[in-house]
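Structure first, then comments.
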Protein chains: 2
Amino acid sequence: MQSDKYDKSKRFDKLKESKKIARKRPTINDVAQLANVSTATVSRCLSKPELVRPDVRTRVEASVVELGYVLDGAAKTLKTHQSKTIGVIVPTLEIGGYASAIQAFEKTVAAEKYTAILGVSDFDADKELQLAHNLAEKGVDGIMLIGMDSDDRLISFLEKVHIPHVNSWHFRRDSKYHWVGFDNRAAIQAITSYVFQHGHRDVVFFVGGAEHANARTELRRQGFMDAISDYNLEFSEGLIFEVPYNSKASQLEFHRLWSLGNRPTAVICANDILAIGVLRACKQIGLRVPDDISVTGFDGLDIMADLWAPITTMAVPAKQIGEESGNCLLNLLTDKNPKTLTELHCTLIEGGSVKSLI
Amino acid sequence: MQSDKYDKSKRFDKLKESKKIARKRPTINDVAQLANVSTATVSRCLSKPELVRPDVRTRVEASVVELGYVLDGAAKTLKTHQSKTIGVIVPTLEIGGYASAIQAFEKTVAAEKYTAILGVSDFDADKELQLAHNLAEKGVDGIMLIGMDSDDRLISFLEKVHIPHVNSWHFRRDSKYHWVGFDNRAAIQAITSYVFQHGHRDVVFFVGGAEHANARTELRRQGFMDAISDYNLEFSEGLIFEVPYNSKASQLEFHRLWSLGNRPTAVICANDILAIGVLRACKQIGLRVPDDISVTGFDGLDIMADLWAPITTMAVPAKQIGEESGNCLLNLLTDKNPKTLTELHCTLIEGGSVKSLI
DNA sequence: AGTTTTGATGTAATCGATTACATTTTTTAG
DNA sequence: CTAAAAAATGTAATCGATTACATCAAAACT
């Protein structure tokens, strides 16, 4: 094996030199030397202090402080194959619910000394895949996926590299993977039924997605149709309006619809942002809510109660999702076997924006 | 140096064994073997592909795909002392502006292949310090601090371990560190003056903080006082109400104030959340806005225009802060010398919630 | 053809921790 | 007081990349 064709002497000289010159952060060796113990003892002081004699421990700790020693996580990770790090992939932080979920997630895993690494996918499946690859290189111990029904490529990649993951926000019943969330379809069905119960029959459905349609959008459409068929009403594609996820877009869409003579008695929106846009259009047109038209949202933003017409909406358990996803992943990481499906529930918040026609 | 007191043979046996058993991810060695090149060549293919002959490169790339090789970032970081990772410390994600700033920041640094590591400090200086220590261990190349006027301990820690950082949101003029943000004091002064210009003289100031007062809160108080003295009005501590950062708290506070017979003509709020709470209280009391009382917010939430009384507010350049902080840090990391202070500006958004008394 | 230059590839030390096992020290038991 | 057991500490291989330098190959000059 050993080959003699290289002359190593020169390199050594150079290396020694640079060692003298470069100002580096102190290493475990420096601490060991100062405290007059071996590196093993220092390492133990840091990770399993109960294994080292109190007086030695004190000496080591003093050296750590004196040198301002900070452990090199890269070296530790390399040796232990554990980074104490969890990746979070989210479509956007601009959706308040996602931000809340992440915050709750971070808090949950931080309690077990895990750090969150953030990736924003912008609803782009390719970017999402790339983020996952990046996170894998960073050595994350697990990954949390929020609010997207992820690409199969992504899931199979995670399987291949053995990174445990949790899907969150909504869920799929028929999956072998771990999900934490609510039943999107049922929740939309519920709020739609609520509108029907109030006697509305001429309703339209605004759903975000146009640009980045995904399974979630699809589930929402289905929830709407479920309610329609529950009430034996007639469904037509024309009742569904796909709108980009922002209030301006839904505002314009409602104007367009209204100007074409489409005059529903109620507008059901698949999220609060769209509802806000509709509300703006109503104000401009001069429609009173709910007297002239009923409007519902979905997400449960606090703010919905403070609009010029308080809007009935469905509160999504964002914080819970974050916590439960965190717990689920923590269990996965300690080989406990968490439930495959953690179902959480939405709550209808009546704002009074649905007029009773009966 | 070499000591003979250890018998190494047993250990080797054990190690070889475990190697056979353990299912590991493929390493650069495996790729090298399969492609029939040295590890050096594989490494070059991955980081400087132009240095390797196309045919070899193709062979290596094929091996990478075949084995499903994922580079071990920990090993790379250990050797290169670069993690391509940036820490972000934020008090909370529940404040929409912070989330926007982080998102913009992430996008900016991601373009240069940096990944963001998130830490939520909950307005707690100790937790913040601990987060910084954690991030240092993780080996972040830089740190972005949002929305807090950070502890001196934090800053000196970062100096000691040589981690470049950017402070953001508001700024301090007299600092040798890097700041990206707006002039908090001046912005509050501006919106307060706006209210005075409309003839109001009997105003109160709601400022968030009570629980976690910091320099930022202090600057806002000062901005308010600046405007007062500009208009030669008389200042009293009783004009300032410190309220926890949530709408419920400010709602209650306004009720309390009103019931005590304090009847200002305008309420200036240091953030939109507080303004929303005040608005709720007004509605409950039966006060019309702005006819009976004027209210202003601060932050520029889109939603302020859709409340039952559209609120005048000051838009904060959150996205810009994220982008510019990102650029600043990127420059810092490449030894370019960015400006110490990047001043951004707020924009007054007139919602009509300030009645003209003249 | 021989020499120099340029380009591509290989060798193996190195980064800074952890940890199995060896060794030494201390405690406990007899 | 000694032997055995338990506790504390030390040694040095190891994790998986990178990269300085050496070497070899091919192209560009004389």
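Order of the sequence lines fixes the chain letters, A, B, ..., with proteins taken first and strands second; residue numbering starts at 1 for each chain.
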In whole Å, I'd like the distance from the [atom1] atom of [X] to the [atom2] atom of [N].
X	N	atom1	atom2	value
R59(A)	dA8(D)	CZ	P	14 Å
K79(B)	dA17(D)	NZ	P	13 Å
H81(A)	dA17(D)	NE2	P	10 Å
K138(A)	dG16(D)	NZ	C1'	15 Å
E50(A)	dA7(D)	CD	C1'	13 Å
N29(B)	dT11(C)	CG	P	12 Å
R25(A)	dA17(C)	CZ	P	10 Å
K84(A)	dA17(C)	NZ	P	19 Å

Could you check whether [X] gets within reach of a base, just the sugar-phosphate, or nothing at all, counting any heavy atom under 4.0 Å?
X	value
V42(B)	nothing
T80(B)	sugar-phosphate
S43(A)	base
S47(B)	nothing
T39(B)	base
V56(B)	sugar-phosphate

Worksheet item: Does D30(A) pair with R25(A) as a salt bridge, N-O distance under 4.0 Å?
Response: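 Between R25(A) and D30(A) there is no salt bridge, as every charged N stays at least 4.0 Å from the carboxylate O atoms.
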Whether [X] contacts [N] is assessed here as follows: a side-chain N or O lying under 4.0 Å from the phosphate OP1 or OP2. Is that the case?
X	N	value
K76(A)	dT18(C)	yes
T27(A)	dG16(C)	no
R53(A)	dT9(D)	yes
S38(A)	dT9(D)	no

Discussion item. Once side-chain contact (heavy atoms from CB on, under 4.5 Å) is applied, do any residues pair with L34(B), and if so which ones, sequence neighbours excluded?
Written reply: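 Testing L34(B) for side-chain contact (heavy atoms from CB on, under 4.5 Å), a comparison that skips the adjacent residues, returns S63(B), E66(B), L67(B).
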Item to complete: Scan for salt bridge (Lys or Arg N to Asp or Glu O under 4.0 Å) pairs involving residues 49-58 of chain B, sequence neighbours excluded, and state none if there are none.
Response: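 Salt bridge (Lys or Arg N to Asp or Glu O under 4.0 Å) check on residues 49-58 of chain B returns R53(B)-D55(B).
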Worksheet item: Has the side chain of R44(B) got a donor or acceptor that lies under 3.5 Å from a partner of the other kind on the base of dG10(C)?
Response: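 Answer yes: a donor N or O sits under 3.5 Å from an acceptor.
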Fill in: Neighbour count >12 (heavy atoms, 6.0 Å) for atom NZ, K319(A)
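At most 12 heavy atoms, drawn from other residues, nucleotides or ligands, come within 6.0 Å of this atom.
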Worksheet item: Taking for each residue the nucleotide of DNA chain D bearing the nearest heavy atom, is the 5' side occupied by L78(A) or by K48(B)?
Response: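 By nearest-heavy-atom nucleotide position, the 5'-most residue is L78(A).
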Fill in: Which nucleotide in dT18(C), dA17(D), dT9(D) has an atom nearest any side-chain atom of L71(B)
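For L71(B), the side-chain atoms sit closest to dA17(D).
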Fill in: Which atom of H165(B) lies closest to which atom of I155(B), heavy atoms considered
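In terms of heavy atoms, the two residues are closest at NE2-CD1, 3.6 Å.
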Worksheet item: Is a side-chain donor or acceptor of E128(B) paired with a backbone partner of S121(B) at a separation under 3.5 angstrom?
Response: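 No, because the side chain of E128(B) does not come within donor-acceptor range (under 3.5 Å) of the backbone of S121(B).
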Worksheet item: 5'-most contact on DNA chain C: A40(B) or A75(B), nearest heavy atom basis?
Response: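 First, find each residue's nearest nucleotide; the 5'-ward one identifies A40(B).
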